[in-house]
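Order of the sequence lines fixes the chain letters, A, B, ..., with proteins taken first and strands second; residue numbering starts at 1 for each chain. Keep in mind that what you see is a predicted model, and the values were worked out from it rather than measured.
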Amino acid sequence: MTYQPQNDFGTPESRSDETVSLTIDGRNVTVPAGTSVMRAAAEQGTSIPKLCATDSVKSFGSCRLCLVEIDGRRGTPASCTTPVEPGMVVRTQTPHLAKLRKGVMELYISDHPLDCLTCAANGDCELQDQAGAVGLRDVRYDVQATHLGQEKDHSNPYFDFDPSKCIACSRCIRACDEVQGTLALTMEGRGWDSKISAGLASDNFLESECVSCGACVQACPTATLVEKKVVEVGTPERSVVTTCAYCGVGCTFRAEMRGEQLVRMVPYKDGKANRGHSCVKGRFAWGYAQHQERILKPMIRKSISDPWREVEWDEAFAYTASELKRISAKYGRNALGGITSSRCTNEETFLVQKLIRAGFGNNNVDTCARVCHSPTGYGLKTTFGTSAGTQDFDSVEDTDVILIIGANPTDGHPVFASRMKRRLRGQDGRPGAKLIVIDPRRTDIVRSPHIEAQHHLPLRPGTNVAVLTAMAHVIVTEGLADEAFIRERCDWDEYSHWAEFVSQARNSPENLQPVTLVDAEELRAAARLYATGGNGAIYYGLGVTEHSQGSSTVMAIANLAMATGNIGRRGVGVNPLRGQNNVQGACDMGSFPHELAGYRHISDGNTRKLFEDDWGVTLDPEPGLRIPNMLDAAVDGVFKALYCQGEDILQSDPNTAHVSAGLAAMECVIVHDLFLNETANYAHIFLPGSTFLEKNGTFTNAERRIQPVRKVMTPMNGLEDWEVTQRLAQAMGLDWNYTHPSEIMDEIARLTPTFAGVSFERLDEAGSLQWPVTADAPDGSPIMHVDGFVRGKGKFVVTDYVPTDEKTGPRFPLLLTTGRILSQYNVGAQTRRTENVAWHPEDLLEIHPVDAEDRGVKSGDWVKLASRAGETTLRATVTDRVAPGVVYTTFHHAVTQANVVTTDFSDWATNCPEYKVTAVQISASNGPTEWQEEYEALAARSRRVETGIAAE
Amino acid sequence: MNSVERLVHMANQIATNLATDDAPVSAVADHIQQFWDPRMKKMIFAHGTAGLSPVAAAAISLLADAQNGA
Ligand code: SF4
Ligand code: SF4
Ligand code: SF4
Ligand code: FES
């Protein structure tokens, strides 16, 4: 396939149900009402010359290149701003129009540098194309010097801004306003003097509000805003559609290639999760894939104090299999286990759990979702009957009240946040949705350009259940519950029991205020708004799940949605915002020790039989160990070998000291990853992994959308990750012979009712599918529980607030909560190896001015952060984003090791760690702690490779 | 916390959170049966009921009896 940019229809699609027929250049065309003449023409294959219009933003009508003639109308209207009308007769090519257009182009070109041959956008420039399209051959004006020769802005690590090439079409400004919603750009000056500026005149892109999403670069018709990579490598020659491997939004991209070299990732307009938008991570931060620190050869060592020795794959598999067999023979089969990754594909995850259940012969398989969304699985399964969000992302367009709890979408789920913000700002005369934010911190979405939350409830960390129960109290006692819905869809007795519980005086907002620190009146108003404001949709994240009552909070959320009838149609629902790209998929694939693919308990004989017959083995009916249980068992000396694919448990799991003790007690730790991560410091075998660019498979995003991941280059390490797992299984004597991941998906579909209709073929046809994909719903299910709950009747569960055992006191008077930032991703193994460090070179501790003053701490100071579990140092930033008594940090950098201080308290139902609440003390410090220094030394020691080349 | 202490803590935590269930003892027993691996169950049976809340203790006894075929 040769390179073709995606078709540009000039103006956005109209969503009207009415249609209009008209004639363009003698041909009849029927389009939805509200479509522009330009778009109608494009849909029938006629491209009208244009410069200031592009289909990602509303038309502006400034360039006058898209003029047309319309029967019965005077003059030559701009086709991008003229809506179609029934019976209209339009001509797009006449001698008169040609003359006008040439004149317009001449003016543009006279003020544009004529260095096309050496321009980065040569061959991919709309100005060039349009000059050709209107037949421009010479320019009669003197080349003007008004805006040429201006200084370029190279500050953004990924794209350049060359104002001399700007034609002032304002597409970039509109993209930043409408698509991204950051409003970072403005136009200064007028006419030929106009200049695009990132905020203040003095600002460059890096220092400005710009979040580097790339929407303006995408919208720019010239080389004014252009990817540095295109400048460096040249324009692409082919493209492959694939899925971002960073977060649970699951944006679809075109990987645009030159040979085997990736030139750029361009958001794909037909991607149903992102609709043509992207964030800095997916768009630009893929440099880690070729980073020099990537390990490309397998390595082994007898002891973790030895240096690594590089070996060939054959030796690596033989050695690994012999170690696993030795340990199984010596300590029993239950001494083995493994961890699947939410970063790997569904197919890879499925194989890892199959290796453990069928090959290791136990159910000691868990996934990193344990530490983030396992309470979602438990809570939504209990209440609704299925462990997944209820909506697709498009649903937000019909939402009237958005309730965000424990999530920071602008940083964690940026592309979906942009869609949310668009809905919050309102559009085309339609008022914006209302917003309620429940979060200890004033996150960006609480107040951003043209958005102001109606209610921000800054609760004390750890009191989610109390706040939600108080909201339920208001809804029930003020008669705002949707009883008709409840009678029809839910178990009435369970509802009555729950209603009686929440109505108790002890659950009133006033009574709980001393516990939650949320103003009772504000909470009442928020509850009324959610219950009565129209379609109410709840979005939540790890601020809900990573608590000792994480599962209870998820159920409390489900209760609220059922009580107000906000389930089962567009615009409403309960939506977990998933962290990693394939958290949903990893859970679906049977990565939890107690259940097989499709959330069926391992003790269920019928399900087990299905798998046993297919796999030709006998499965253990007892649940296996969860990650924290594995570590406990390791410390007890009975758990000895771990296969860890694509997860860095040492950095991402709580209470680092306990994790390292567990790992150190094992005899065979196998790390299968791109880099020598922190866990690899304790590993005996390292199997190099492949990136999402190097393999085929699928990811499932937060909307249950199964999306293809396509191989665009050969794996640098030689094998795709599923092949590594298969070769290991073969070395252990299992008869596996998959030749392509599509065969693994066929097996998943065969064994999992909700995936029955999924195959690579179907995915290629449809682009993506939202499970359940069944005979009843062959095209998937954008919205769940439409005609009733999956479990039958919706279940109300009483969730009583139980304070966490992690309590503040005189020694540890502050509460630490953790989160993430836009430019970095989780433990940062990937993003730290890209230019994204320009925005976030270190983890910072946010502290309220009052608490800072008490301790004599100023912004930029080193502080010691200590808890009952341990201590670390980092630098402080003083801000009133956090309430007094609360401090906040991210966990992206290994040197900070924020998890040294988190404790091993966990969710009562799932053991999901309580990351979001740790009692801490802050004090002035002048440098790294002993732990940090010792750890640095250990890390350096354990990364030695015998060939003499230091790995990091 | 060593492993047994942690199991006691976990069992109590489950019991506290399921206290509002209609039948808390069987709910707790069922939860542990579904989510704990055999070794964890064995460890807490061997440990007995010391340190367990009444509901947790009853649930553990119920499970232990069922396991022993009582
Ligand atoms: S990169 Fe995104 S945020 Fe930055 S100016 Fe462009 S559109 Fe705005
Ligand atoms: S930077 Fe590009 S998109 Fe923005 S006004 Fe200039 S030419 Fe148009
Ligand atoms: S929002 Fe998530 S999926 Fe989309 S580009 Fe950014 S990181 Fe990738
Ligand atoms: S494209 Fe219509 S006026 Fe510019």
Measure A:Ser603 against the heavy atoms of chain B and call it side chain, backbone, both or neither at under 4.5 Å.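 Neither part.
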Taking all atoms of both residues into account, what is the closest heavy-atom pair of A:Glu622 and B:Trp36, and its distance?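 Looking at all heavy atoms of both residues, the closest pair is OE1-O, 4.3 Å.
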Validation row: B:Phe35, A:His601 side chains within 4.5 angstrom (heavy atoms):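 Not in contact.
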Side chain, backbone, both or neither of A:Phe639 within contact of chain B (heavy atoms, under 4.5 Å):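 No part of A:Phe639 comes within 4.5 Å of chain B.
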Option from A:Asn911, A:Asp632, A:Asn629 for which side-chain hydrogen bond (donor to acceptor under 3.5 Å, both in side chains) with B:Arg6 holds: A:Asp632
Can you tell me if A:Glu500 has over 12 outside heavy atoms packed within less than 6.0 Å of its CD?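 Incorrect, the count does not exceed 12.
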Could you tell me which portion of A:Ser548 (side chain, backbone, both or neither) has an atom closer than 4.5 angstrom to a non-hydrogen atom of chain B? both
Atom pair CD (B:Gln34) and CD (A:Glu595), whose distance is rounded to the nearest 0.5 Å: 9.5 Å
How far does NE2 of A:His497 sit from CG of B:Asp21, to the nearest 0.5 angstrom? 7.5 Å
Max heavy-atom pair count under 4.5 Å with chain A, selected residue of B:Thr16, B:Leu7, B:Thr20, B:Asp22: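 Most heavy-atom pairs within the cutoff with chain A belong to B:Thr20.
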Any idea how B:His9 and A:Phe905 line up, ring-wise: parallel (<30°), tilted (30 to 60°), or perpendicular (>60°)?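 Rings of B:His9 and A:Phe905: tilted, as their planes differ by 30° to 60°.
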Where along residues 38-46 of chain B does a heavy atom come under 4.5 Å of chain A, listed by residue number? B:Pro38, B:Arg39, B:Met40, B:Lys41, B:Met43
Spacing of CD1 belonging to B:Ile14 relative to CG belonging to A:Asp907, to within rounding of 0.5 Å: 9.5 Å
For B:Asn17, is there any backbone N or O sitting under 3.5 Å from a side-chain donor or acceptor partner on A:Gln549? no
Approximate separation, where rounding is to 0.5 Å, of B:Asp37 CG and A:Asn362 CG: 9.0 Å
Does the side chain of B:Gln13 come within less than 4.5 Å of A:Val802's, by heavy atoms? no
Proximity breakdown for A:Val635 and chain B, heavy-atom pairs closer than 4.5 Å: neither
